[in-house]
2 protein chains.
Amino acid sequence: MTKWTIKDIAKKAGVSITTVSRVLNRKEEGMSEETRQKVLRVMEELDYQPNRLARGLVTKQSKLIGLIVPTISNPFFPELCRGAEDEANAHGYSLVICNSDASAEKEEHYITILKEQQVDGLILSSRSGLSSTSLLPFLKNVHYVHLDRMEEEAVSGVRLDNEAGGYLAGKHLLELGHTKIGCISGPNEIRNSRDRVAGFTRALAEANLEPVWIQEGDFSLDSAYQHAMAKLEETDVTAIFTCNDMMACGVYRAAHGRGMAIPKELSVIGFDDVPLVSALIPKLTTIRQDTYAMGRKAAALLVQQIEEGTTDFAIFEPTLVVRESTAYVPTGGND
Amino acid sequence: MTKWTIKDIAKKAGVSITTVSRVLNRKEEGMSEETRQKVLRVMEELDYQPNRLARGLVTKQSKLIGLIVPTISNPFFPELCRGAEDEANAHGYSLVICNSDASAEKEEHYITILKEQQVDGLILSSRSGLSSTSLLPFLKNVHYVHLDRMEEEAVSGVRLDNEAGGYLAGKHLLELGHTKIGCISGPNEIRNSRDRVAGFTRALAEANLEPVWIQEGDFSLDSAYQHAMAKLEETDVTAIFTCNDMMACGVYRAAHGRGMAIPKELSVIGFDDVPLVSALIPKLTTIRQDTYAMGRKAAALLVQQIEEGTTDFAIFEPTLVVRESTAYVPTGGND
DNA sequence: TTGTACGCGTTATCAT
DNA sequence: ATGATAACGCGTACAA
């Protein structure tokens, strides 16, 4: 029928609401097992559920955590959300997920909404424009951690060592004997992308090499396809590093268009290790970031900040996952 | 500093809390523009944000909608969530997303939590075990709609006409001249899967044909790969229909393993049209369901149910998306 | 046009 | 060991 309140339970059990509240909050100190059981029975019988709004009003915690991502449709984010959710849930929090489409207005809008909802904290995996600084006014009076996307070092949050990832990719190609290597980066205004390219060129520099070319993509399959189609004709590289997996797909398509076999005639290495890459033929060699773990860690840091007031920062190390899209530099190549 | 309340605004503006509450709720009827502006100025100045917990306690609505999906990592769900979120947000609701991993316990757990959070309604895109009936006790006193996954017809919700989708797939292959067709289904206990196969066989039956074989997969790439590898050797089909896109990827891999070219020697048609399929080479022909629209519709129905008490059901029609993985039956085949 | 006072469901303080 | 009762921040009859 209607929703029962603590008051109903109290009346039906013949006790005061204080007593009911006590058994609810497991303050078992001093309380006859008899009344305890009596109250529990009535709660069971009426299928009573406490009202968190009322509770939150007095305890000042909603047990809600807000998560803002650019868009969950980007295959990079689902795992990250899962991680955050699992960890949050383990601590008794629920996750309110918001997609900002990387729009500053939407971000600000959602932060406002979430604060009104009295979320206990925020996980920001989006970024307002080029700098998160502009969000600062909106982030007053609320705990938050950054996750993955951030321009400058944040006080609290988690990110990947993107530079190390780029280095891993470069090193891997080098070890396979490649010397003529191309690179399709992400947008230069995104720090993650810049770092990946930096690591990549550092690896080549250590071998006294430099990329034959670096094209600026936008993380989309199509941008990479266009660049690869053009460059594959103009130049003769034996390997391409793309700053995410989606763009590696674009290179696959371009190679197919140019009649080049992967990895026999062209090695391809991506970045992220999103689930879809295992569906590619050949399976994609890539730089893996453990997004699930990063999501969990972000939530853990946030909960810690909420409950203990401590802030911390974590940097994850990427790993090289060798699959089928990279091979030793083709022998008999026109070196 | 601290969070301001309606009381602070009232005091600072020299009016009563009632007045503040009035301007807050835009009850502009009868109120001097002067005091109105005064209050607004103070709210602006203090960067006041109403507390939805307190508000919800009296209005009895949290402006929260719960969404339960099996797992957002399954590429089928992100778009669906986006749709639901966009629509919910347009109506002033925020979305609490929960992943049940298709576990009945988790579902029940989340429904309980969400009800405690006083969500105004639930979107259920998961299913408890084989029947949603078992969830009924948990769904007392709460508005909800079903989305996509449901065993029997629900009172309110949206789903795809899966039978029609299967029919479309069968018809398409028939029109390309195929007569020897295999099918890899999803788990038989899932209604969506059964319906797809039913539509598919109905199409063949209309041409006095029947599938050369039907193998029961589990929606995973690997299950389809195993089945296809085996059947591609035993039998000589010229086309395969898989009940989702992921399994089509498995068939791609098997065809590759058996040295068969798609679509030249083998046509493949999938189901769902998840984003990843555009990354495949060749691009996958598939039966598309507009998950974004379905998500929006589900949220719309729910909001309608919450705000107007009306319940409704919507059935979406799938469409055939012809890409590159299906072709006319190979000529000179060993008929 | 504006203000007073009560209630929403719960926790917390202080009695008993 | 248990119970009144005052908050929590807001909306809303009802009064002025």
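Atom set for the values below is all heavy atoms of this structure, side chains included, hydrogens, waters and symmetry mates excluded. Numbers restart at 1 for each chain; the letters A, B, ... are given by sequence-line order, proteins then strands.
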Practice problem: Please confirm whether the backbone N or O of A:Glu85 pairs with a side-chain atom of A:Asn89, one donor and one acceptor, at under 3.5 Å? | Solution: no

Practice problem: Inspect the contact between B:Lys297 and B:Asp290 and indicate whether a charged nitrogen and a carboxylate oxygen are less than 4.0 angstrom apart. | Solution: no

Quiz item: For D:dG9, does either OP1 or OP2 sit under 4.0 Å from a side-chain N or O belonging to B:Arg55?
Solution: no

Exercise. Measure from the side-chain heavy atoms of B:Asn51 and tell me the nearest of D:dT12, C:dT11, D:dC10.
Key: D:dC10

Self-check item: Options D:dT2, C:dT10, D:dG11, nucleotide nearest the side-chain atoms of B:Leu24
Solution: D:dG11

Quiz item: Would you call B:Gln305 and B:Tyr144 a side-chain contact if the rule is heavy atoms closer than 4.5 Å?
Solution: no

Quiz item: D:dC10 C1' sits how many Å from B:Trp4 CH2, rounded?
Solution: 18 Å

Exercise. Among the candidates D:dG9, D:dA1, C:dG9, find the nucleotide nearest to the side-chain atoms of B:Thr5.
Key: D:dG9

Quiz prompt | Distance-only donor-acceptor test, B:Thr18 side-chain atoms vs C:dT4 base atoms, 3.5 Å | solution = yes

Quiz prompt | Along DNA chain C (nearest heavy atom to each residue), the more 5'-positioned of A:Val20 and B:Val58 | solution = B:Val58

Exercise. Starting from P on D:dG9, measure out to CG on B:Leu53 and report it in whole angstrom.
Key: 11 Å

Quiz prompt | Side chain A:Arg22 and base D:dT2 donor-acceptor under 3.5 Å | solution = yes

Self-check item: Rounded interatomic separation in angstrom, taking NZ from A:Lys7 and P from D:dT5
Solution: 13 Å

Quiz prompt | Whole-Å distance separating the CD1 atom of A:Ile17 from the P atom of C:dT10 | solution = 9 Å

Self-check item: side-chain N/O B:Lys60 vs D:dG11 OP1/OP2, d < 4.0 Å
Solution: no

Quiz item: For A:Glu107, which of A:Leu124, A:Asp101, A:Thr112, A:Leu135 qualifies under side-chain contact (heavy atoms from CB on, under 4.5 Å)?
Solution: A:Leu135

Quiz item: Less than 4.5 Å apart, any side-chain heavy atom of A:Tyr110 and any of A:Val96?
Solution: no

Quiz item: So which nucleotide from D:dC10, D:dG9, C:dT1 ends up closest to the side chain of B:Leu57?
Solution: D:dG9

Quiz item: Side-chain N or O of A:Tyr48 less than 4.0 angstrom from OP1 or OP2 on C:dG9?
Solution: no

Quiz prompt | Heavy-atom closest pair, residues A:Arg52 and A:Gly92 | solution = NH1-O, 3.9 Å

Practice problem: Side chain of B:Asn25 only, please: which of D:dG3, D:dG11, D:dT2 is the nearest? | Solution: D:dG11

Quiz item: Rounded to the Å, how far apart are B:Met43 CE and D:dG9 C1'?
Solution: 15 Å

Quiz item: Would you say D:dG3 has OP1 or OP2 under 4.0 Å from some side-chain N or O of A:Ser16?
Solution: yes

Exercise. Between B:Gly14 and B:Ala54, name the one whose nearest nucleotide on DNA chain C is closer to the 5' end.
Key: B:Gly14

Practice problem: Tell me whether the OP1 or OP2 atom of C:dT2 has a side-chain N or O from B:Thr35 closer than 4.0 Å. | Solution: yes

Quiz prompt | Length of the CD1-P vector between A:Ile6 and D:dA4, whole Å | solution = 14 Å

Quiz item: Within less than 4.0 Å of OP1 or OP2 of C:dT11, is there a side-chain N or O belonging to A:Ser21?
Solution: yes

Self-check item: Closest listed nucleotide, where the reference is the side chain of B:Thr59 and the choices are C:dG3, D:dG11, D:dG9
Solution: D:dG11

Quiz prompt | B:Arg36 CZ to C:dT2 C1', straight-line distance once rounded to whole Å | solution = 15 Å

Practice problem: Give the rounded distance in Å between these two atoms: CD of B:Gln118 and C1' of C:dC8. | Solution: 11 Å

